[in-house]
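Note sheet for the following structure.
Within every chain, numbering begins at 1; the chains are lettered A, B, ... in the order of the sequence lines, protein sequences first and strands thereafter. What you see below is based on every heavy atom in this structure, not just the backbone, and it leaves out hydrogens, waters and symmetry mates. Keep in mind it's a predicted model, so treat the numbers as computed, not measured.
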2 protein chains.
Amino acid sequence: MATSEASPAGSAESMEIIAQYFRILGDAQRLRILHCLQSGEHTVGEIAAATQASQSNVSKHLGILRANGLVGRRQDGNRAYFGITAPFIFELCDIVCSGARQRLERERALLPANS
Amino acid sequence: MATSEASPAGSAESMEIIAQYFRILGDAQRLRILHCLQSGEHTVGEIAAATQASQSNVSKHLGILRANGLVGRRQDGNRAYFGITAPFIFELCDIVCSGARQRLERERALLPANS
DNA sequence: TTACTATATGACTATCCAGTTATATAGTAA
DNA sequence: TTACTATATAACTGGATAGTCATATAGTAA
């Protein structure tokens with residue numbers, strides 16, 4: 001019988017699952033949307049204005065984020081309010097951010113003396 | 001004059017930089033390679049065997065990982081040894097992993113009673 | 001030198017996906 | 001009802017990229 005447990009750590013399937021999450025986060029516009037939602041729930045229109053994107057663009061990205069469990073949707077009258085459901089994404093961003101900073105510093109240290 | 005500092009937290013440019021890191025990690029084969037390197041340095045051939053991929057496939061992915069500062073290369077005679085230079089990627093994977101697990105549990109709890 | 005092994009890379013193809021436009025759906029208000 | 005607003009979505013297009021194959025490069029060994 002197949003295991004009813006999660007895939008083993010290094011398996012091809014589990015890697016694909018993890019990669020899928022990273023792929024979702026690998027788009028600047030989606031990151032902008034998530035960043036916007038960090039301050040709390042917002043409507044599609046608000047997000048579109050904040051990220052300077054079209055309504056249909058934002059709606060599409062929100063659909064992807066929601067399908068992958070990163071945001072949630074609440075309808076109120078005419079509008080749809082979206083909010084973060086997976087706060088761990090901000091941990092990810094923080095780690096990447098400091099990782100990128102470290103790399104820049106390391107590379108700067110290797111460069112000829114400009115400053 | 002332009003700022004000589006890093007981009008502001010929510011700026012379009014900084015989002016693109018972060019997204020780029022996630023995009024690099026958003027490929028299962030690259031994750032497999034990184035997972036393989038978690039146990040220490042390995043040659044291209046060793047990685048190819050471990051991940052069941054072609055030599056040229058692995059070499060190409062290693063080039064991408066190296067160009068983005070995630071792995072380093074050391075040549076020894078005929079072979080090239082690659083190793084992790086950005087251990088924070090494993091933190092990222094761990095966080096994503098537990099996030100994914102939580103989501104599965106949450107969804108399982110919402111499903112009709114099968115077990 | 002030649003032969004062999006290990007790695008890198010150019011060219012090509014197929015696939016995926018972000019963005020746009022136009023349209024559909026649905027709630028509100030007159 | 002009609003008109004308006006907010007959101008979702010189908011269809012299309014262009015660009016990015018993963019995989020493969022063939023070839024180039026380079027180190028080793030005879």
Side-chain angles (χ1 to χ4, degrees), chain A residues 12-13 15-37 40-83 85, chain B residues 12-13 15-37 40-83 85:
Chain A
E13 318 94 72
M15 288 308 185
E16 184 51 48
I17 293 174
I18 310 283
Q20 167 72 4
Y21 276 92
F22 285 130
R23 233 175 287 134
I24 299 295
L25 298 174
D27 180 274
Q29 170 61 6
R30 279 198 286 270
L31 291 185
R32 261 174 254 131
I33 292 175
L34 293 170
H35 179 73
C36 172
L37 294 181
E41 278 190 344
H42 286 291
T43 68
V44 177
E46 288 167 350
I47 299 168
T51 62
Q52 312 196 53
S54 73
Q55 174 269 321
S56 94
N57 180 309
V58 171
S59 187
K60 202 181 207 179
H61 282 300
L62 284 170
I64 294 171
L65 291 169
R66 191 155 84 105
N68 286 273
L70 301 185
V71 306
R73 193 188 120 115
R74 173 177 70 84
Q75 186 136 15
D76 182 26
N78 222 0
R79 9 196 124 189
Y81 285 86
F82 287 86
T85 57
Chain B
E13 319 95 69
M15 287 309 185
E16 183 51 46
I17 293 174
I18 310 284
Q20 167 72 5
Y21 276 91
F22 285 130
R23 231 174 291 135
I24 298 296
L25 297 174
D27 180 274
Q29 171 61 6
R30 278 196 286 271
L31 291 185
R32 260 175 256 130
I33 291 174
L34 293 171
H35 178 73
C36 172
L37 294 181
E41 278 189 344
H42 285 291
T43 68
V44 177
E46 287 167 351
I47 300 168
T51 63
Q52 314 197 52
S54 72
Q55 174 268 320
S56 93
N57 181 309
V58 171
S59 186
K60 205 179 210 180
H61 281 300
L62 285 169
I64 294 172
L65 292 169
R66 191 155 84 104
N68 286 272
L70 300 185
V71 305
R73 193 188 118 117
R74 172 177 69 84
Q75 186 135 16
D76 182 27
N78 222 0
R79 10 200 123 181
Y81 284 86
F82 286 85
T85 56

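Taking NE2 from His35(A) and CD1 from Ile47(A), the interatomic distance works out to 12.5 Å, rounded to the nearest 0.5 Å.
Taking atom CG of Leu62(A) as the reference point, atom P of dT7(D) lies 10 Å away to the nearest angstrom. As a whole-Å value, the separation of Arg32(A) CZ from dA18(C) P is 13 Å. Between Arg66(B) atom CZ and dT7(C) atom P the separation is 13 Å, expressed in whole Å. Across the protein-nucleic acid pair, Arg74(A) atom CZ and dA8(D) atom C1' stand 18 Å apart, rounded to whole Å. Following rounding to the nearest Å, Ile47(A) (CD1) and dA6(D) (P) show an atom-to-atom distance of 14 Å.
Applying the 4.0 Å criterion to OP1 and OP2 of dA8(C), one finds that Arg73(B) has a side-chain N or O inside that range.
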Going 5' to 3' through nucleotides 17-30 of chain D, assign each nucleotide B (protein heavy atom under 4.0 Å from a base atom), S (under 4.0 Å only from sugar-phosphate atoms) or - (no protein heavy atom that close). -SBBBB----BS--
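Residue pairs meeting the salt bridge (charged side-chain N to carboxylate O under 4.0 Å, His left out) criterion with at least one partner in residues 26-36 of chain B, sequence neighbours excluded, do not occur; the list is empty.
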Watson-Crick and G-U pairing of DNA chain C, under 3.5 Å, as dot-bracket with | and [ ]: ||||||||||||||||||||||||||||||
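Applying the side chain to side chain donor-acceptor pair (under 3.5 Å) criterion to Arg66(B), with sequence neighbours excluded, gives no partner residue. For His42(B), the side chain to side chain donor-acceptor pair (under 3.5 Å) partners are Ser39(B), Glu46(B), not counting sequence neighbours. By the side chain to side chain donor-acceptor pair (under 3.5 Å) test, Asn68(A) is found to be paired with Gln20(A), residues two or more places apart in sequence or in another chain being considered.
Among the candidates Leu65(B), Ile64(B), Leu70(B), Val44(B), the single residue satisfying the side chain to side chain contact (heavy atoms under 4.5 Å, CB included) test with Ile33(B) is Leu65(B).
Side-chain contact between Thr43(B) and Asp76(B) is absent, with no heavy atoms from C-beta onward closer than 4.5 Å. Contact of the Ile18(B) side chain with the Leu25(A) side chain is not registered, since no non-hydrogen atoms from C-beta on lie closer than 4.5 Å.
At the heavy-atom level, Tyr81(A) lies nowhere under 4.0 Å from the strands shown.
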